[in-house]
Amino acid sequence: MADNRRILTGHRPTGPRHLGHLVGTLRTWANLQNDFQCFFLVADLHVMTTDYGHPERIRANTIGMLADWLAAGIDPQKSTLVLQSAVPEHAQLSLLLSMLTTVSRLERVPTYKEQVQALNLLPSLGLLTYPVLQAADILLYRADRVPVGEDQLPHLELTREVAHRFNQIYGLVFPEPQPILSQTPRLPGTENRTMHTSYGNAVFLKDTPEETTQKILGMYTDPTRIHASDPGHIENNPLFTYLDVFDPDAARVSDLKLRYQSGKVGDVAIKQHLAQMVNQDLAPLREKRAELITRPDDLVELVRAGTSLARQYARDTLTDVQDRMGLNLSATWRKHEPANDNTSMVGAFC
Ligand code: TRP
């Protein structure tokens, strides 16, 4: 390991991972594993902030997401997989940090304001404190760096504020974590909006080559082009954003762009070529995923092992925090407690 800096990042298990996740986050994570100690969090508690009514869906999505992560190169030999809900210290630290955070500060978080508008319902307390729980996720492992998309920057800013405030009052415990932003441009969805599981515009890692080809053949392209001989536009044309990512032959891509701009190649030919490139790129990942998903018990075992390792870090931080906040009567108090006093909260998981 090049240095001992630590990373924590995660996803909510909301559904299958798509090409946007692969290009924007998963490949970055896989590379970071070689240079950092990495914790990858399955943020299932965060799913509850908007979708607490479907327990079976969360479980199935968690297994599917783990298969996607591992197939994309997340390596449990190098990194630690953590199931958030199985480490009660996340909720405990979140409660303590919520004492240092004002309601008005949380009401100004842009993701919260957007969600409240989009959901058109009365926001729960849990939704309001979403960023405090995320701060707890990061600070519990004293992570220095957090690879995230731009949309998550306000949450990271809040995390730094809370860490700073805690350190000021109680002494230096937490690093103020910095983001690592993805270098690759966002992949648009098949109709050129942001790629999103719920928009019906995503190519999923678990899709078959045939499904992938169908989706790519139906993709949005230059709307001003009626005939293949019309000059085409490559700006704001997702076909070429994709080709830049998925065709490893840069010279061929430049040549295709020139021919497209001068009306010498049709959209269907570009799409067919693109589908072939995407399927070729995904073939090893899909083979691995298909194999992993037949052994869900092994996936559970991997995340269980990671979680029980992670919990040692989490306990250590929480104990330090409690001591500094005056929440134990003396350092010897803990010695008289039965060991693992809160295992009942965790059940048989770790
Ligand atoms: N809020 C993040 C998302 O929706 C998921 C998340 C939860 C997370 N806890 C985190 C990301 C901690 C980074 C660090 O994508």
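From a predicted model like this one, the values you see are computed outputs, not experimental measurements. Start at 1 and go down the list; that is how both ligands and their atoms are numbered.
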For [atom], what's the nearest protein heavy atom and its distance?
atom	result
atom 4 (O) of ligand 1	Arg12 NE, 3.0 Å
atom 7 (C) of ligand 1	His46 ND1, 3.3 Å
atom 5 (C) of ligand 1	Gly10 O, 3.7 Å

Contacting atoms of ligand 1, where contact means under 4.0 angstrom from a heavy atom of [X]:
X	answer
Val146	13 (C), 14 (C)
Tyr130	1 (N), 2 (C), 3 (C), 4 (O)
Ala43	7 (C)
Thr9	13 (C), 14 (C)
Ile138	12 (C), 14 (C)
Gln152	1 (N), 2 (C), 3 (C), 4 (O), 15 (O)

*Aromatic centroids of His21 and Phe204 separated by under 6.0 Å*: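 No, ring centres 6.0 Å or more apart.
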Can you tell me if [X] and [Y] form a side-chain donor-acceptor pair at under 3.5 Å?
X	Y	value
Asn236	His233	no
Asp222	Tyr260	no
Ser85	Asp44	yes
Arg286	Thr212	yes
Arg186	Thr194	no
Thr111	Asp151	no

*At a non-hydrogen distance cut-off of under 4.0 Å, which region of Gln84 contacts ligand 1 (side chain, backbone, both, or neither)?*
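Neither; nothing of Gln84 gets under 4.0 Å from ligand 1.
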*Side chain, backbone, both or neither: Leu133 near ligand 1, heavy atoms under 4.0 Å*: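 The answer is neither.
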*Among Lys215, Arg17, Arg289, which one satisfies salt bridge (charged side-chain N to carboxylate O under 4.0 Å, His left out) with Asp207?*
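Going through the options one by one, the only one that passes is Lys215.
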*Quick one: does Gln134 get an N or O within less than 3.5 Å of an N or O on ligand 1?*
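Gln134 vs ligand 1: N/O contact under 3.5 Å present.
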*Would you say His11 and ligand 1 have an N/O pair spaced under 3.5 Å apart?*
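No; every N/O pair is 3.5 Å or more apart.
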*For atom 14 (C) of ligand 1, which candidate among Leu8, Asp137, Val47 holds the nearest heavy atom?*
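Nearest heavy atom to atom 14 (C) of ligand 1 lies in Leu8.
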*When clusters are formed by joining ILVMFWY residues with side-chain heavy atoms under 4.5 Å apart, either directly or through shared neighbours, do Leu41 and Ile58 land in the same one?*
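Cluster IDs for Leu41 and Ile58 differ.
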